[in-house]
**Student:** 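One structure, as structure tokens, below. Some questions next.
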Amino acid sequence: MHTIGIGLGMLVVLFLGVAHAQDDPRLHPGELRVVDVIRAGLKEIVPGAVYMRHWFGTHQSTALFEFPASAGSDAGLALHSHGTEMAVQMVGDSSIVDERGRHYPVRQGDVILVKANVRHTGKFGVNANRILSVVTPPRPEYADEDGNAYFPGHGQPAVAAASARPADAGSAVRTLFNLQKVEASLLPVGSDSLAFRHWHGQDVSVAVTRLRVGQTGHLRAAHAVHGEEVTFLLRGTMTLTEGDGAVLTAHAGQLVMLPPYRAHSAACMTDDCLLLSWHTPRRDEWGAEGSLPDVRFTSTGGGAVTGAAHSVCPCQQGQTGKQQQ
């Protein structure tokens, strides 16, 4: 067993604060959650064609979609829009079609970003599809977690869909990387114990982190302050300890919803861990894509979160010269 400082989002201790009470009763503001997306009990949304389940965080909604083999043509996904989306094509191949009729192929293992408020639809092939999706702000058309989710084009019109854009907004979809190949592209941080790479969207960042045990154990990192994070554990086992001492364990195939600005710590319990993480707001302190942040990039100087709950960064007053994330 190896306890590490660099855990989810490459942190020993994340300083996160419980969010303010929100008007949206569907959300789980400030709640640290482990969700088993591999063994999630999916609900039938479109008979024989679409199965899904969804969960809410503080500022995002996460959903898992499954389209059985040969059922994709019956899914009938309507033209719709929402906030920025990170989608992971876990099984099968699909494509996205934007409001101007442009097709974007999505292959098994691809991780993509769909631009906010661009109307689009999806096409699913003859093979089974399984897709993990994280959207910010939360999908307005989704019911409470215990209720049946909503699939655009079935049962009711799309909710809060954006109007067609008067001018071409450019590509609606960007393919960031493929999970089968991304590990070879990661950049080592100091030694082979930690490797990292990141990508930016308009209001989100996506990162892949690999942790390996070295001669002195796992690399340790500084304290940090940043916004909400959803991390999908691709390999390994991790524990998360909250400020009150409660411990949660996440295994490969599970995801962790880390609320914004709330203290916790994480530890890798295996020799090797591989993490895919989504962040909002965008982690500008990481710098440009392709660059490697300083090993101290996890430290923003914000200090521990105490007292009142927060949904935005509770950074120390009077600090200048650096934006707190």
Side-chain angles (χ1 to χ4, degrees), residues 7-11 13-24 27-33 55-62 81-88 111-118 133-140 174 176 196-209 221-232 255-264 275-291 293-294 296-305 308-317 319-325:
L8 293 173
M10 308 191 316
L11 305 174
V13 177
L14 291 174
F15 285 112
L16 303 172
V18 179
H20 285 299
Q22 311 235 348
D23 293 334
D24 191 338
L27 302 184
H28 290 247
E31 185 176 343
L32 178 63
R33 311 177 71 190
W55 304 266
F56 291 104
T58 303
H59 301 300
Q60 54 80 22
S61 57
T62 295
S81 65
H82 44 63
T84 303
E85 176 181 14
M86 180 190 79
V88 183
V111 176
I112 67 171
L113 285 179
V114 181
K115 189 179 294 184
N117 301 322
V118 172
S133 167
V134 184
V135 175
T136 184
R139 295 283 295 267
R174 180 187 176 198
L176 302 182
F196 174 79
R197 189 171 177 184
H198 68 282
W199 297 259
H200 294 308
Q202 182 176 355
D203 53 357
V204 303
S205 293
V206 175
V208 176
T209 307
H223 297 162
V225 173
H226 62 69
E228 187 165 10
E229 177 179 348
V230 176
T231 289
F232 185 32
L255 64 82
V256 180
M257 294 185 180
L258 301 171
Y261 314 113
R262 177 161 166 218
H264 74 278
L275 318 170
L276 166 63
S277 58
W278 166 100
H279 302 254
T280 188
R282 191 171 71 175
R283 301 295 299 274
D284 287 328
E285 77 274 21
W286 287 349
E289 293 181 10
S291 65
D294 188 283
R296 294 168 296 174
F297 74 100
T298 55
S299 179
T300 64
V305 172
H310 298 277
S311 60
V312 296
C313 182
C315 304
Q316 292 177 348
Q317 298 295 320
Q319 292 185 341
T320 59
K322 180 166 63 175
Q323 180 182 2
Q324 298 295 325
Q325 294 291 333

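Only heavy atoms go into these numbers, but all of them, side chains included; no hydrogens, no water, no symmetry mates.
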**Student:** Do Met86 and Trp199 touch side chain to side chain, with heavy atoms closer than 4.5 Å?
**Tutor:**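 Met86 does not reach Trp199 side chain to side chain.
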**Student:** With sequence neighbours left out, what residues match Trp55 under ring-ring contact (aromatic ring centres under 6.0 Å, His included)?
**Tutor:**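 Listed in chain order: nothing, the list is empty.
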**Student:** Would you mind reporting whether Pro281 and Asp203 have side-chain heavy atoms less than 4.5 Å apart?
**Tutor:**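 Not in contact.
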**Student:** List the residues meeting salt bridge (Lys or Arg N to Asp or Glu O under 4.0 Å) with Arg33, not counting sequence neighbours, and say none if there are none.
**Tutor:**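 By the salt bridge (Lys or Arg N to Asp or Glu O under 4.0 Å) rule, Arg33 matches Glu31, Glu145.
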**Student:** Which atom pair, heavy atoms only, marks the closest approach of Ser277 to Thr231?
**Tutor:**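 Answer, listing the atom of Ser277 first, then Thr231: CB-OG1, 3.3 Å.
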**Student:** Rounded to the nearest 0.5 Å, what's the gap from CG on Leu258 to CD on Glu229? Could you check?
**Tutor:**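 Answer rounded to 0.5 Å: 4.5 Å.
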**Student:** For residues Leu275 and Val208, determine if any side-chain heavy atom of one lies less than 4.5 Å from a side-chain heavy atom of the other.
**Tutor:**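 Answer no - side chains too far apart.
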**Student:** Nearest 0.5 Å please: distance from the CD atom of Glu85 over to the OG1 atom of Thr62.
**Tutor:**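 Atom-to-atom, Glu85:CD and Thr62:OG1 are 10.5 Å apart.
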**Student:** Measuring from Trp278:CH2 to Thr136:OG1, what's the distance to the nearest 0.5 Å?
**Tutor:**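 Going from CH2 on Trp278 over to OG1 on Thr136, the span is 4.5 Å.
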**Student:** Let me confirm one number: the NE2-CD distance from His59 to Glu228, rounded to the nearest 0.5 Å.
**Tutor:**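 These two atoms lie 6.0 Å from each other.
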**Student:** Taking only residues two or more places apart in sequence or in another chain, which ones pass ring-ring contact (aromatic ring centres under 6.0 Å, His included) with Phe232?
**Tutor:**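 Partners of Phe232 under the ring-ring contact (aromatic ring centres under 6.0 Å, His included) test: none.
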**Student:** Quick one: side chain to side chain donor-acceptor pair (under 3.5 Å) partners of Ser205, sequence neighbours excluded?
**Tutor:**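 Applying side chain to side chain donor-acceptor pair (under 3.5 Å) to Ser205 gives His200.
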**Student:** Once side chain to side chain donor-acceptor pair (under 3.5 Å) is applied, do any residues pair with Ser61, and if so which ones, sequence neighbours excluded?
**Tutor:**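 Residues passing side chain to side chain donor-acceptor pair (under 3.5 Å) with Ser61: none at all.
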**Student:** Per the salt bridge (Lys or Arg N to Asp or Glu O under 4.0 Å) rule, which among Arg283, Arg282, Arg174 passes with Glu289?
**Tutor:**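 It is Arg174, the one option of Arg283, Arg282, Arg174 that forms the salt bridge (Lys or Arg N to Asp or Glu O under 4.0 Å) with Glu289.
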**Student:** To the nearest 0.5 Å, how far apart are CZ in Arg139 and CD in Gln60?
**Tutor:**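 It is 12.5 Å, given to the nearest 0.5 Å.
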**Student:** Please report the closest heavy-atom contact between Pro29 and Thr58, naming both atoms and the distance.
**Tutor:**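 Smallest interatomic distance, heavy atoms only, reads CA-OG1, 3.5 Å.
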**Student:** If we ignore hydrogens and angles and just use 3.5 Å, is the side chain of Thr84 paired with the main-chain N or O of Lys115 as donor and acceptor?
**Tutor:**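 Answer holds: no.
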**Student:** Measure the CG-CG distance between Leu276 and Leu176 for me, rounded to the nearest 0.5 Å.
**Tutor:**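 Leu276 atom CG to Leu176 atom CG measures 9.5 Å (nearest 0.5 Å).
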